[in-house]
There are 4 protein chains.
Amino acid sequence: MIFRIDADDGLAIYDQIVRQVKYAVASGTLAPGEWIPSVRELARQLTVNPNTIQRAYQQLQADGVLEPVRGRGLAVCRTAVRACVAERQALVLERLEQVVAEAVQGGVAPDDLRTLFERSVRKVMRGGTAEAG
Amino acid sequence: MIFRIDADDGLAIYDQIVRQVKYAVASGTLAPGEWIPSVRELARQLTVNPNTIQRAYQQLQADGVLEPVRGRGLAVCRTAVRACVAERQALVLERLEQVVAEAVQGGVAPDDLRTLFERSVRKVMRGGTAEAG
Amino acid sequence: MIFRIDADDGLAIYDQIVRQVKYAVASGTLAPGEWIPSVRELARQLTVNPNTIQRAYQQLQADGVLEPVRGRGLAVCRTAVRACVAERQALVLERLEQVVAEAVQGGVAPDDLRTLFERSVRKVMRGGTAEAG
Amino acid sequence: MIFRIDADDGLAIYDQIVRQVKYAVASGTLAPGEWIPSVRELARQLTVNPNTIQRAYQQLQADGVLEPVRGRGLAVCRTAVRACVAERQALVLERLEQVVAEAVQGGVAPDDLRTLFERSVRKVMRGGTAEAG
DNA sequence: GTGGTCTAGACCACC
DNA sequence: GTGGTCTAGACCACG
């Protein structure tokens with residue numbers, strides 16, 4: 001499990017962690033029943049304050065993704081996968097709609113938008129495969 | 001010129017105004033040389049604090065989109081159109097790439113992403129034309 | 001609006017605040033649209049760290065009870081009352097069931113339990129009216 | 001002697017054991033002079049860390065409910081019954097008062113509270129008898 | 001070792 | 001002035 005934090009994301013650090021954990025659960029990288037890194041451990045890895053991690057984990061518990069096991073740590077809930085997959089898709093759709101809406105409203109032609117979209121996909125795929133392989 | 005402010009956008013109000021003015025210039029809705037509403041006027045229209053409008057207009061001046069004319073008000077710069085068009089496209093592209101990157105990294109298949117994208121475009125086109133016409 | 005914090009409650013301070021705000025909304029003491037004391041103000045009143053208040057308010061936002069108004073403060077959501085009333089009743093019922101279940105399971109006779117319950121009600125009513133009047 | 005541990009109780013495991021032993025003594029299920037299961041035995045039965053059982057037994061000794069017999073184990077004190085009965089009743093009363101106080105303070109009408117209470121008793125009696133018989 | 005809570009104090013953006 | 005975020009460091013209960 002490796003998380004990447006981007007301080008310039010605009011999104012709060014704890015929120016980036018929440019999102020990445022949910023995505024990891026949705027994509028199977030983090031399986032139900034598995035242990036998530038301890039608060040202190042992840043804080044050390046990301047060189048972030050433990051409180052920030054704590055806050056992220058707390059929200060993940062409130063969202064039913066993690067469950068605490070007294071004195072052991074935090075485990076991925078067995079019921080979380082479906083919700084995470086659904087949420088991920090809903091989130092992507094929502095953000096796509098927002099971008100598309102603003103672009104169209106701002107006078108970008110739909111066909112130009114499709115071109116830009118394809119360019120994005122290709123770029124990300126290149127970057128992703130290049131980075132992964 | 002009508003702007004729409006969404007308090008729940010997450011984006012700051014003054015930023016929404018800046019963006020919408022630039023989009024309006026890019027799409028020709030706001031032509032070079034035209035006058036932009038006064039701070040007080042727009043603040044009244046949007047029921048927003050005048051300071052907020054002031055801040056948006058300052059940013060637009062700093063970005064070279066508006067220029068002050070002594071005793072008259074603020075006019076759209078004649079040189080601003082090209083920059084606004086470029087910026088709009090760059091902005092859309094940047095946001096698209098971000099969404100696409102996160103989706104792919106989160107395990108969404110490219111084809112699923114295309115489906116979601118097309119759904120967004122159709123939805124926005126429907127909503128947009130319905131709302132406008 | 002006056003909140004009372006009991007450090008020996010066992011329940012976390014921020015949780016006591018959350019519960020009291022919800023109860024206040026449920027009972028109409030805190031009306032929809034009203035402003036809630038600012039983070040710093042309430043922290044000063046209760047001589048508690050602002051972060052603790054902040055955390056309580058954040059959870060109340062997550063629960064849809066409060067909504068932030070940029071630069072103004074936090075207001076009680078207009079849709080929150082029904083949910084708060086229902087939650088209050090559900091919570092009371094849940095806790096009653098828990099106490100009753102443990103008592104019965106622990107060998108307390110139902111009639112003795114009723115006596116204890118009536119004694120509690122009378123005591124609280126006395127205390128409440130005495131305190132209020 | 002069978003104890004039931006509920007990890008989601010909120011109450012610490014060792015505390016659940018302490019309470020259940022006291023209740024058992026109060027209701028006569030566990031008679032004075034009887035032996036209580038050894039730390040290891042009970043830990044195995046409940047699949048709980050032996051340290052946790054140890055802690056519960058220590059607390060019970062401190063409360064004068066159990067007494068150690070060299071080389072034999074822990075026995076229920078002959079003087080413990082009265083204290084356990086009194087403590088059980090006091091505990092139930094205390095918790096009832098707390099729930100009632102919060103409910104009334106939160107705006108629940110006393111008569112509504114009585115209805116909720118009776119509903120709880122009936123539900124628990126049903127569940128209890130159904131489960132026991 | 002684990003998570004949970006709290007304090008103290010700082011910085012930011014927004015209105 | 002407002003809320004939002006983060007750091008630093010402390011203490012606690014639990015296993």
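Here is how names work: the chains are called A, B, and so on, in the same order as the sequence lines, proteins then strands, and each is numbered from 1.
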Do the side chain of C/R40 and the base of F/dG3 come within less than 3.5 angstrom through a donor-acceptor pair of N or O atoms? yes
[X]: partners by side chain to side chain donor-acceptor pair (under 3.5 Å), with sequence neighbours left out:
X	answer
A/E41	A/R44, A/Q45
A/Q58	C/R55
B/S38	none

[X] [atom1] to [N] [atom2]: how many Å, rounded?
X	N	atom1	atom2	answer
D/Q16	F/dC14	CD	C1'	13 Å
A/Q59	E/dG3	CD	P	17 Å
C/I53	E/dT5	CD1	C1'	14 Å
C/L74	E/dC15	CG	P	15 Å
C/D9	E/dT5	CG	P	13 Å
C/W35	E/dC15	CH2	P	13 Å
B/Q58	E/dC15	CD	P	14 Å
C/R72	E/dC15	CZ	P	12 Å

Think C/Q61 has a side-chain N or O under 4.0 angstrom from the OP1 or OP2 of F/dG4? yes
Any A/Q54 side-chain N or O less than 4.0 Å from OP1/OP2 of E/dG3: no
Quick one: side chain to side chain donor-acceptor pair (under 3.5 Å) pairs with a partner in residues 61-80 of chain A, sequence neighbours left out? A/K22-A/D63
Counting distance only, does the side-chain N/O of D/T52 pair as donor-acceptor with the main-chain N or O of D/V48 below 3.5 Å? no
For the backbone of A/L11 and the side chain of A/Q16, can you confirm whether one donor and one acceptor N or O come within less than 3.5 Å of each other? yes
Counting only side-chain heavy atoms from C-beta out, which of E/dG4, F/dC14, E/dC14 sits nearest to A/R70? F/dC14
Side-chain atoms of A/P68 come closest, of F/dG3, E/dG4, E/dT5, to E/dG4
Only one of B/R88, B/R19, B/Q20 passes side chain to side chain donor-acceptor pair (under 3.5 Å) with A/E102; say which it is. B/R19
Given a 3.5 Å cut-off on both pairing distances, which stems involving DNA chain F, each at least three consecutive Watson-Crick or G-U pairs, are present, if any? E:1-14 with F:1-14
Pairwise N/O distances under 3.5 Å, protein to nucleotides 6-9 of chain E:
residue : atom : partner : partner atom : Å
E/dC6   : OP1  : C/I13   : N            : 2.5
E/dC6   : N4   : A/N51   : OD1          : 3.3
E/dT7   : OP2  : C/N49   : N            : 3.1
E/dT7   : OP2  : C/T52   : OG1          : 2.7
E/dA8   : N7   : C/N49   : ND2          : 2.9
E/dA8   : N6   : C/N51   : ND2          : 2.5
E/dG9   : O6   : C/N51   : OD1          : 3.4
E/dG9   : O6   : C/N51   : ND2          : 2.8

Are there over 12 heavy-atom neighbours, none belonging to B/Q89, within less than 6.0 Å of that residue's CD? no
For C/G71 and A/Y57, take the nucleotide of DNA chain E holding the closest heavy atom to each; which residue's nucleotide lies nearer the 5' end? A/Y57
I'd like to check B/V65 versus B/C84 (side-chain heavy atoms, cut-off strictly below 4.5 Å). Are they in contact? yes
